[in-house]
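Keep in mind that the numbers below use all heavy atoms, side chains included, and drop hydrogens, waters and symmetry copies. The chains referred to below are lettered A, B, ... by the order of the sequence lines, with proteins before strands, and numbering in each begins at 1.
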Protein chains: 2
Amino acid sequence: MADERAAALEHARGNRDRYLNELIEFLRIPSVSKDPAAADDIRRAADWMADRLRALQVERVEILPTAGHPAVFGVGPDAGPSAPTMLVYGHYDVQSAAPLDDWESDPYEPVVRGEYLHARGASDNKGQIMACVGAIEAVLRSGAPPVNLKFVIEGEEEVGSLHFGDLLRENRDLLACDFVLNADTGMLGPDRPTIFYGLRGMYSCHLTVSGPSHDLHSGSYGGVVHNPIHALSALVAGMHDCERRVTLPGFYESVTPITPEERAEMAALPRGMESYLEQSGAPELWGERDYIPAEREAARPALDIIKIEGGSSKAAIPTEARASVSVRLVPNQTPDEVHEQLLRYLESHAPPTVTWEVTEWGGCPPALTDRNAPAVHALSRAMETVWGKPPIYYRSGGTIAAVGQLQTVLGVDSLLTGFSLPGDHVHGPNERIHLPTWEKGIEALVHFLYNMVE
Amino acid sequence: MADERAAALEHARGNRDRYLNELIEFLRIPSVSKDPAAADDIRRAADWMADRLRALQVERVEILPTAGHPAVFGVGPDAGPSAPTMLVYGHYDVQSAAPLDDWESDPYEPVVRGEYLHARGASDNKGQIMACVGAIEAVLRSGAPPVNLKFVIEGEEEVGSLHFGDLLRENRDLLACDFVLNADTGMLGPDRPTIFYGLRGMYSCHLTVSGPSHDLHSGSYGGVVHNPIHALSALVAGMHDCERRVTLPGFYESVTPITPEERAEMAALPRGMESYLEQSGAPELWGERDYIPAEREAARPALDIIKIEGGSSKAAIPTEARASVSVRLVPNQTPDEVHEQLLRYLESHAPPTVTWEVTEWGGCPPALTDRNAPAVHALSRAMETVWGKPPIYYRSGGTIAAVGQLQTVLGVDSLLTGFSLPGDHVHGPNERIHLPTWEKGIEALVHFLYNMVE
């Protein structure tokens, strides 16, 4: 298939500007899955994606409803029964762009500055999914497809893939495949192609600490009634010890230790303290003292309060204070066990001067995938062809609920890759994608598809 | 003046419904001094108050501008050079009514339910100031006034009387007086008339703790970068020790100990643990273990975080977290010394993984007034006449910046009283005033005015 491969690469290069313009069109849709007011935009993004798959001449394209936002499904053309079936996973929803004031340009009016395209979703995940689409178009236009193709592009990744498990269960046959291509991660640097073989899981909940039955004048009650803000602050502060370890009882018991081999591998990564400092802008790094930052990100659990709020500008002791708890899990932690640990922590640490409640809890397990799968080797060779060096193998500190759900329901591993770079401000203001890397990513995916059968 | 006294009491009783309707009219104006959008309502409230003073036939009424909201000034009629001059202090501004959902009725549509009138400002301070106005009208309609009368009704009490000191300095001669009547406090119970001889002062500021330069994906940086919410929570938690004492260095050094006599007096107050529990709705009380609640409220300092905020519902480590610090001061603490103590605390406790900043700091000193002043005796006798029992002497845990400013600039003490009750939800939702107590208050003030010269 050397001719097809060359033709496909040529097609990808020749259609670079159109690919970029299509991405820009897609990025203009503010498909914020968390925003109830964005329902029309969510639908518009799903339709846009379905149309794009139809333009690929994918044989059958459907919008599959869920109890939440729909998923876009596509299948074909057929590569024959002996060819493996690849399911392309992605998501057309994005995180909120707030706070808008911190953006240098409108998050939904994509703009190229230098080598970067800036917009919400430029990396996560619209840019990445359009890299897959671009590569697949190039292959389909250049001859018979080397693999059987299926697509499932969901609309709820940024809200924890709430209904994706149900979708898989209800469409098990439709989505049956040999492996999943998931380009929702990234690379460690522009010359550091990366394959991820693991993801952290997630446990999240809302914690409310309540005190008086109504706002109290802080003159009359200051020093007399426990301020729920103080009680919540103490509970939050107590969730880490002075060694920066999480204090929930039993928290580390089911954590799989990092093997000496993996530690050596992570120590050799181009992901040292300096790179974290530079990319975060933090005055210093922080975290468990016995682990290097790369280990803390990928292979150690972490507890973050992503939101805290309570009180007002009134001189009053408020009735309650609230925190949103977000815990990144590593094998073999489970959301259920962390939930129980949090409850036990609160039971033993919350003072009797306040009451507390944990609500809206949920999560997804961490994942590890087989580094020796054929698809991993095919992608590795593709990356070496494009970047001139083999990929780095690393685990992602992020969470993609769908990966665990695909493992559980369909029994398939996900090939985790992507062309986002560490400074691309994923989830933050000024999200961007590095266009030269994106274009290389498209070429790498072209090679990967042919490598699957060669 | 027995005839005048009887006539004045008769006038007050005969005009009770009109007095109530006037108060309701005043309460309908949402004069929230903190709300920039309420400027028109602030002006409307000042005009309303000025008109009301004019209707009293106060000789000269002016609206005195300040760099912020104006104050309403009135003087006369003349009681002769041998009569003392009383300055009636009050404020026509109110606290915000947020959160509106917690109100059982519109905060600006006053409604009588049972013996209570409900509205924002019903107690603080529109109800109280209208009790003074009602008593003074009754006296002025019944003969020559026993004291020379002046009024200063400001519009910035709820934002710390920001420009009241300047107003006093600029109008020193106009406002010269022998003492101030300040009905901005309350009573310990419907049958517990109270004279306050002290107030707590206030120190306040905003504390911002900053970490990364942009919101960071909590998957990539959770466990690697210090979350400013965690750092702020630890700083807030550390501001009290396990004995519930404030840990700012030197915080208690200039606190005047409570004398054994005062401790005995406070122990005898009808202000025990049960009353605080019932009025606050808190599961338990809290505070310094060596002091009873009444002492902690009135004669011990207290530190409260009245607001905390940081992060969003995004799974991100935010760039910063913020807290509003509010410290109630007792003699002889000063706002300046507490500011220095807070800075020293932060310097020694903030970790190098974050930066911090204290902004918008300010405050006012605590106050103690002479319990043996003639006006105190006159009011005490008046209360005994109306309630059949002598008043309780207590210190208020609240802060009225104007009291210290009047002491400093005009050299006069304030007679601190009021007819608000502990359950009146001052500053909170469902603020109210107990109408039978309010009416007794008007009568007590009538007696007080005649007692000043008899």
Should the ring pair His226(A) and Trp286(B) be called parallel, tilted or perpendicular, given that the plane angle runs from 0 to 90° and is split at 30 and 60?
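Rings of His226(A) and Trp286(B): parallel, as their planes differ by under 30°.
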Can you list every salt bridge (charged side-chain N to carboxylate O under 4.0 Å, His left out) pair that touches residues 221-240 of chain B, not counting sequence neighbours?
none
Got a sec, which pairs hit salt bridge (charged side-chain N to carboxylate O under 4.0 Å, His left out) with one end in residues 277-288 of chain B, sequence neighbours left out?
Arg245(B)-Glu288(B), Glu288(B)-Arg300(B)
Would you mind telling me which of Leu232(A), Ile308(A), Val236(A) makes a side-chain contact (heavy atoms from CB on, under 4.5 Å) with Ile308(B)?
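Testing Ile308(B) for a side-chain contact (heavy atoms from CB on, under 4.5 Å) against Leu232(A), Ile308(A), Val236(A) leaves exactly one candidate, Ile308(A).
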Using non-hydrogen atoms and a 4.5 Å limit, figure out which bit of [X] sits close to chain B: side chain, backbone, both or neither.
X         : answer
Ala98(A)  : backbone
Leu285(A) : both
Asp102(A) : neither
His206(A) : neither
Gln279(A) : both
Glu297(A) : both

Name the option with the most non-hydrogen atom pairs under 4.5 Å to chain B; the candidates are [options].
options                                   : result
Asn430(A), Val246(A), Val225(A)           : Val225(A)
Gly428(A), Pro99(A), Pro422(A), Ala282(A) : Ala282(A)
Ser220(A), Ser210(A), Gly238(A)           : Ser220(A)

Do you know which of [options] has the most heavy-atom pairs with chain A at a distance under 4.5 angstrom?
options                                    : result
Pro212(B), Ala316(B), Gly287(B)            : Pro212(B)
Leu277(B), Leu216(B), Thr355(B), Thr319(B) : Leu216(B)
Gly397(B), Gly223(B), Ser204(B), Ser213(B) : Gly223(B)
Pro318(B), Gly211(B), Gly310(B), Pro228(B) : Gly310(B)
Glu309(B), His425(B), Met239(B), His230(B) : His230(B)
Ala315(B), Ser96(B), Pro293(B)             : Ala315(B)

For the student: nearest non-hydrogen atoms of Ala234(B) and Ala237(A), plus distance
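So the minimum-distance heavy-atom pair works out to CA-CB, 3.5 Å.
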For residues Pro283(A) and Pro352(B), report the shortest heavy-atom separation together with the two atoms involved.
CB-O, 3.6 Å
Are Ser312(A) and Ile306(B) packed together at the side-chain level, in the sense that at least one heavy-atom pair is separated by less than 4.5 angstrom?
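Ser312(A) does not reach Ile306(B) side chain to side chain.
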So for Glu295(B), is it side chain, backbone, both, or neither that comes closer than 4.5 Å to the heavy atoms of chain A?
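For Glu295(B), neither part sits under 4.5 Å from chain A.
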Side chain, backbone, both or neither: which part of Val354(B) has a heavy atom under 4.5 Å from chain A?
backbone
Atom [atom1] of [X] and atom [atom2] of [Y]: how far apart are they, to the nearest 0.5 Å?
X         : Y         : atom1 : atom2 : answer
Ser123(B) : His217(A) : OG    : NE2   : 11.0 Å
Ile317(A) : Ser280(B) : CD1   : OG    : 9.0 Å
Arg200(B) : Ser218(A) : CZ    : OG    : 7.5 Å
Ile229(A) : Asp304(B) : CD1   : CG    : 8.0 Å

Please name all residues satisfying ring pair (Phe, Tyr, Trp, His ring centres under 6.0 Å) with His118(B), sequence neighbours left out, ordered by chain then number.
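Ring pair (Phe, Tyr, Trp, His ring centres under 6.0 Å) list for His118(B), sorted by chain: empty.
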Applying side-chain contact (heavy atoms from CB on, under 4.5 Å), run through Lys34(A) and Lys314(B) and close with a yes or a no.
CA-CA 9 Å; Lys34(A) 186 163 41 196; Lys314(B) 282 194 302 186; 4.0 Å; yes
Listed by number, the residues in residues 321-328 of chain A that come under 4.5 Å of chain B (heavy atom to heavy atom) are Ser326(A), Arg328(A)
